[in-house]
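A quick write-up on the structure given underneath.
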Amino acid sequence: MSLDYVKFAPGFEKFMPKEYRDMVEHGPFGKKTTVSQMGSFKEILEEHPMCAGCAMTLFIRLAMISFPNPEDTITVGTAGCGRLAISQAAIPFVYGNYGDQNGVASGLSRGLRLRFGDKPKDVVVMAGDGGTADIGFAQTLHSWIRKEKFTTIMLDNEVYGNTGGQESGMTSQGAVLKMAPLGKKFEKMDMVGMAKVAGCVYVATVVPNNPRRVEAVIKKAVLIAREVGPTYIQAYTSCNIEYAIPTDKVMEDAKNVEDNRYKFSEYISEEAKQYLAERYGYKEFLPKPAAAVTQA
Amino acid sequence: MYLVADIDVDICAQTSCKLCTQFCPEANTILYNNEIGKDKGYKYGAAYVAVDRCKGCAQCVWVCDNMAKHHAIKMIMIDQLPKAAITDNVTYGEKTTTAVLASPMVG
Ligand SMILES: Cc1ncc(C[n+]2csc(CCOP(=O)(O)OP(=O)(O)O)c2C)c(N)n1
Ligand code: SF4
Ligand code: SF4
Ligand code: SF4
């Protein structure tokens with residue numbers, strides 16, 4: 001887990017596939033690559049079997065670019081569509097049994113702290129809404145209540161996409177799905193509210209039709225989880241298959257959903273603001289000069 | 001046969017706004033070459049598609065039409081592209097890439 005693990009073993013360079021060589025020589029490791037540079041450096045995400053046009057795929061692609069230190073990051077996932085892509089990136093991926101991801105990440109993040117001390121090693125969980133809010137609900141909530149320091153990202157496509165369209169706790173009330181033909185009877189779960197109550201120090205909702213915002217949110221969440229406490233991002237990542245969205249309308253849908261019911265929101269604790277300002281130079285969180293405070 | 005995205009260099013090179021790749025779900029697919037179009041007086045280079053990675057979703061078409069409002073991308077049957085960029089022929093450089101175009105058809 002350092003820059004060394006992506007380098008070639010001496011003498012093996014010429015036997016490595018082109019994609020691997022490109023990644024070592026022109027990938028994001030050890031550099032600060034950003035969303036605005038996309039298309040001009042080799043990304044660490046490789047080809048994968050997720051559906052054409054899937055917004056979850058786009059979100060995962062953006063996430064991989066946004067990790068502050070990809071060479072010091074481990075992703076944790078579980079059953080569901082997302083792992084099909086997350087596992088095809090050049091950063092270590094740990095597969096937790098369905099719903100176990102936040103338990104696995106708790107142990108992993110504690111172990112990394114014991115082994116590496118203050119050197120940051122980032123643990124990022126990315127799992128579906130079913131994995132996070134239904135089957136993994138207890139483990140998700142308990143990791144937050146225990147103040148485990150890692151980032152949880154819910155890939156919220158509002159359905160069990162990988163198994164053909166069952167409703168989840170995150171499906172909207174009334175939604176009719178292939179395996180929920182009568183329509184969902186209950187409201188969408190308020191996981192954002194629960195994250196705050198359970199002690200997450202950073203909570204955000206995003207939609208991938210604003211790539212730079214996704215980048216900013218992921219960077220903050222990962223940095224804060226290094227020292228301050230658990231962080232949670234809930235991302236609307238539509239399933240174009242189960243919701244029958246034509247692939248060329250996926251971004252139009254994202255925009256409509258964002259406008260109507262998935263607005264960008266961000267909660268950040270005072271301690272986390274101070275940490276970002278002092279440690280990582282986030283100007284917007286620097287304490288206001290005394291004059292500005294008295295005027296306000 | 002199947003559809004892939006094809007970018008009209010003459011339209012794209014006028015701005016090379018770099019929006020489409022930020023919305024393509026596939027990694028390393030819409031790439032930029034900062035040199036394309038310089039021989040015709042354009043300054044910013046242009047986008048192109050590594051067609052072997054394109055899944056044909058047309059999300060980039062929607063983005064170029066509706067967000068960038070440049071209408072530079074069309075979906076085209078892969079056998080109608082005489083030459084195209086494919087991953088094996090892409091070279092990464094400092095903040096740019098280049099591709100030697102080749103027939104995308106195997107055999
Ligand atoms: C313990 C266990 N129960 C059930 C399954 C079957 N299973 C695989 S993926 C999945 C649903 C995934 O839904 P979600 O977590 O919302 O992710 P999505 O596929 O929608 O991204 C289920 C029920 C499993 N793999 N393991
Ligand atoms: S089933 Fe839905 S969520 Fe899963 S890869 Fe396909 S479009 Fe994406
Ligand atoms: S959105 Fe259109 S104009 Fe902008 S870079 Fe892409 S193809 Fe070129
Ligand atoms: S059609 Fe889809 S996969 Fe192909 S380049 Fe456009 S956005 Fe990417």
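All chains are named by letter (A, B, ...) in the order of the sequence lines, taking the proteins before the strands, and each is independently numbered beginning at 1. Just so it is clear, the model here is predicted, and its values are computed rather than measured.
Only the backbone of Pro208(A) comes within less than 4.5 Å of a heavy atom in chain B; its side chain stays farther off. Within the 4.5 angstrom heavy-atom criterion, only side-chain atoms of Leu62(A), from C-beta onward, approach chain B. Looking at Glu43(A), the atoms closer than 4.5 Å to chain B (heavy atoms on both sides) sit in the backbone and in the side chain alike. Heavy atoms of Thr97(B) lying under 4.5 Å from chain A belong exclusively to its side chain. Residue Asp65(B): no heavy atom, backbone or side chain, is found under 4.5 Å from chain A. Proximity to chain A is absent for every atom of Met75(B), based on heavy atoms less than 4.5 angstrom apart. For Asn33(B), no part lies near chain A; criterion is any non-hydrogen pair under 4.5 Å. Looking at Cys24(B), the atoms closer than 4.5 Å to chain A (heavy atoms on both sides) sit in the backbone and in the side chain alike. With a threshold of 4.5 angstrom between heavy atoms, Lys18(A) approaches chain B through side-chain atoms but not through N, CA, C or O.
Taking CD from Glu26(B) and NZ from Lys55(B), the interatomic distance works out to 3.5 Å, rounded to the nearest 0.5 Å. Glu25(A) contributes atom CD, which lies 12.5 Å from atom NZ of Lys7(A) (distance to the nearest 0.5 angstrom).
For the 3.5 Å distance criterion, the side chains of Arg53(B) and Thr87(B) qualify, holding a donor opposite an acceptor. At a cut-off of 3.5 Å, with distance as the only test, no side-chain donor of Tyr243(A) or Glu158(A) sits close to an acceptor on the other residue. No side-chain N or O of Ser40(A) forms a donor-acceptor pair with one of Thr96(B) less than 3.5 Å apart. Using modelled atom types, one finds a donor on one side chain and an acceptor on the other under 3.5 Å when comparing Asp253(A) with Tyr236(A). With 3.5 Å as the limit, one finds no donor-acceptor pair spanning the side chains of Thr151(A) and Tyr232(A). With hydrogens and angles left out, the side-chain atoms of Arg61(A) and Thr21(B) include a donor and acceptor closer than 3.5 Å.
Between chain B and the options His26(A), Glu46(A), Met38(A), Lys249(A), heavy-atom pairs under 4.5 Å are most frequent for His26(A). Contact count versus chain B (heavy atoms, under 4.5 Å) is highest, among Asn209(A), Thr33(A), Ile65(A), Ile60(A), for Asn209(A). If you tally non-hydrogen atom pairs under 4.5 Å between each of His48(A), Gln37(A), Glu19(A) and chain B, the highest count goes to His48(A). Across Asn66(B), Val61(B), Val90(B), the residue that shares the most heavy-atom pairs under 4.5 angstrom with chain A is Val90(B).
Minimum interatomic distance between Asn240(A) and Ala52(A) (heavy atoms only, all atoms of both residues): ND2-O, 3.5 Å.
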